[in-house]
Number of protein chains: 2
Amino acid sequence: MNDKGTGNKNMNNCPLTYALNLIGGKWRLPIIWALSQNNTLRYNELKRKVDGITNMMLSQSLKEMENHGLVNRKQFMEIPPRVEYSLTEEGKDLIPALESLAKWGKGMKNKEMDRCNK
Amino acid sequence: MNDKGTGNKNMNNCPLTYALNLIGGKWRLPIIWALSQNNTLRYNELKRKVDGITNMMLSQSLKEMENHGLVNRKQFMEIPPRVEYSLTEEGKDLIPALESLAKWGKGMKNKEMDRCNK
DNA sequence: CTGAATCCTCCCGGATACTG
DNA sequence: CAGTATCCGGGAGGATTCAG
């Protein structure tokens, strides 16, 4: 399996680095975020929510996250094809941690603006 | 300022992405971690704690994090030169969020091993 | 509609050498 | 001791095209 994002050897025992590898990369977080706000989303719905993403990046990211147990993929044998994506329980467990990080990031952003306006 | 790591345009309003930009990259997290376990560290002490990092990466990462208000840099006008690094209050505020993420990552890692051993 | 395959570009991160 | 300067390769990410 590939280690995208923050690949690091010396901290292999660090679960933090492991977590960052799972949600790192340019698109994974936006995808998770979109999925967290909807029970299930079809491929093209997801593509529309994550603005600017290409088919390549979306399908690749989804596949990787599915392999990591973050995302459920449910395929319906129909014509036209229908595939629904959703977060697994593990994926949902991630949300609180992300919100905590987001809260911190918001604070940092404000302080940055303060610095610039001074 | 440069947007290393997970640079993303469409999610600029997302504080989560902002946070990830601050702690992304290959070395920032290991550095933060080392600093979080010591009140202050000198340059070379830090370099020894973060195994494998080069001068270039260490000084660059430190400078960026200092600019972002994560790290304090205290320089003593002495011979030989002495510089001490520490986390700012904002940097310390990050630790709980990271621990939350680490906890999640640990759980994910265990499940991955389960999958492989089956 | 839901992807896969190929090719290509850009820049992060590393090696090495040098400085006050 | 605490960094900087310069050059360079690899890999993540993107555009385009094709397929079931």
Side-chain angles (χ1 to χ4, degrees), chain A residues 1-11 17 20-31 34-35 40-67 71-86, chain B residues 1-11 17 20-31 34-35 40-67 71-86:
Chain A
M1 203 64 36
N2 45 13
D3 274 357
K4 305 230 169 183
T6 312
N8 203 329
K9 305 167 197 81
N10 23 314
M11 300 284 279
T17 299
L20 266 271
N21 284 340
L22 295 186
I23 64 172
K26 189 166 184 176
W27 298 107
R28 296 204 188 139
L29 219 36
I31 293 172
L35 285 175
T40 66
L41 284 175
R42 297 184 57 174
Y43 184 86
N44 268 347
E45 289 175 328
L46 201 45
K47 188 179 175 187
R48 257 172 270 123
K49 302 251 180 207
V50 182
D51 192 54
I53 196 171
T54 63
N55 280 331
M56 166 121 200
M57 286 292 104
L58 179 53
S59 62
Q60 186 179 103
S61 304
L62 283 171
K63 194 188 296 178
E64 288 161 355
M65 297 175 89
E66 190 195 353
N67 288 336
V71 166
N72 280 322
R73 189 192 124 109
K74 186 168 186 180
Q75 181 168 2
F76 298 84
M77 290 316 208
E78 303 173 358
I79 305 291
R82 177 157 64 111
V83 182
E84 287 184 352
Y85 291 94
S86 58
Chain B
M1 200 66 35
N2 47 12
D3 274 357
K4 304 229 169 183
T6 315
N8 203 330
K9 302 166 197 85
N10 22 314
M11 299 285 281
T17 299
L20 267 271
N21 285 339
L22 295 187
I23 64 171
K26 189 166 183 177
W27 297 107
R28 296 203 189 139
L29 221 35
I31 293 172
L35 285 175
T40 65
L41 284 175
R42 299 183 59 171
Y43 184 86
N44 270 345
E45 288 175 327
L46 201 46
K47 189 177 173 187
R48 258 172 270 124
K49 302 250 179 206
V50 183
D51 191 56
I53 195 170
T54 62
N55 280 331
M56 168 120 200
M57 285 293 103
L58 178 53
S59 62
Q60 185 179 104
S61 304
L62 282 171
K63 195 187 295 179
E64 288 162 357
M65 296 174 90
E66 190 194 355
N67 288 335
V71 166
N72 280 321
R73 190 191 123 109
K74 186 168 186 181
Q75 180 168 4
F76 298 84
M77 289 317 206
E78 304 174 358
I79 304 290
R82 178 155 64 111
V83 183
E84 287 183 352
Y85 292 94
S86 58

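To find a chain, count down the sequence lines: A is the first, B the second, and so on, and within it residues start at 1.
When distances run from any side-chain atom of B:K26 to the nucleotides D:dC1, C:dG13, D:dG14, the shortest one goes to C:dG13. The listed nucleotides are C:dC1, D:dG3, C:dG20; the one nearest the side chain of A:N44 is C:dC1. Closest contact between the side chain of B:V83 and the listed nucleotides D:dG13, C:dT2, D:dG3 involves D:dG3.
Rounded to an integer number of Å, the gap from B:Y43 OH to C:dT19 C1' is 13 Å. Protein atom CD of B:E84 is 16 Å distant from nucleotide atom C1' of D:dG3, rounded to whole Å. Distance A:M57 CE to C:dT9 C1': 13 Å, rounded to the nearest Å. Nucleotide C:dG3 holds its P atom 12 Å from the CZ atom of A:F76, rounded to whole Å. The nearest whole Å value for the distance from the CZ atom in A:R48 to the P atom in C:dG3 is 14 Å. Rounded to whole angstrom, the span from the CE atom of A:M56 across to the C1' atom of C:dT2 amounts to 15 Å. Note: CG (A:L58) to P (D:dA12) measures 18 Å, nearest angstrom. A:R28 has its CZ atom 8 Å from the P atom of D:dG13, to the nearest Å.
OP1 and OP2 of D:dG3 both lie 4.0 Å or more from every side-chain N or O belonging to B:K63. Dashed line: the shortest gap from a side-chain N or O of B:R42 to OP1 or OP2 of D:dA2 is under 4.0 Å. The phosphate of D:dA12 (OP1 or OP2) has no side-chain N or O of A:W27 nearer than 4.0 angstrom. OP1 or OP2 of D:dG3 lies within a sub-4.0 Å distance of a side-chain N or O belonging to B:R73.
Contacts of B:R73 classified as salt bridge (charged side-chain N to carboxylate O under 4.0 Å, His left out), with partners at least two apart in sequence or in another chain: none.
Residue contacts shown for B:S59 include a base, since a base heavy atom lies under 4.0 Å away. Here A:Y85 lies in heavy-atom contact (under 4.0 Å) with sugar-phosphate atoms only.
Taking every heavy atom of both residues into account, A:K47 and A:N55 meet most closely at NZ-OD1, 3.2 Å.
No donor-acceptor distance shorter than 3.5 angstrom exists from the side chain of A:R28 to the backbone of A:S61, with no hydrogens or angles considered.
Toward the 5′ end of DNA chain D lies the nearest nucleotide of B:N55, the other residue of the pair B:N55 and A:T54 mapping further downstream.
Separating the CD atom in A:E45 from the OG1 atom in A:T40 is a distance of 7.0 Å, to the nearest 0.5 Å. Rounding to the nearest 0.5 Å gives a distance of 9.5 Å between CD1 of B:I53 and CD of B:Q60.
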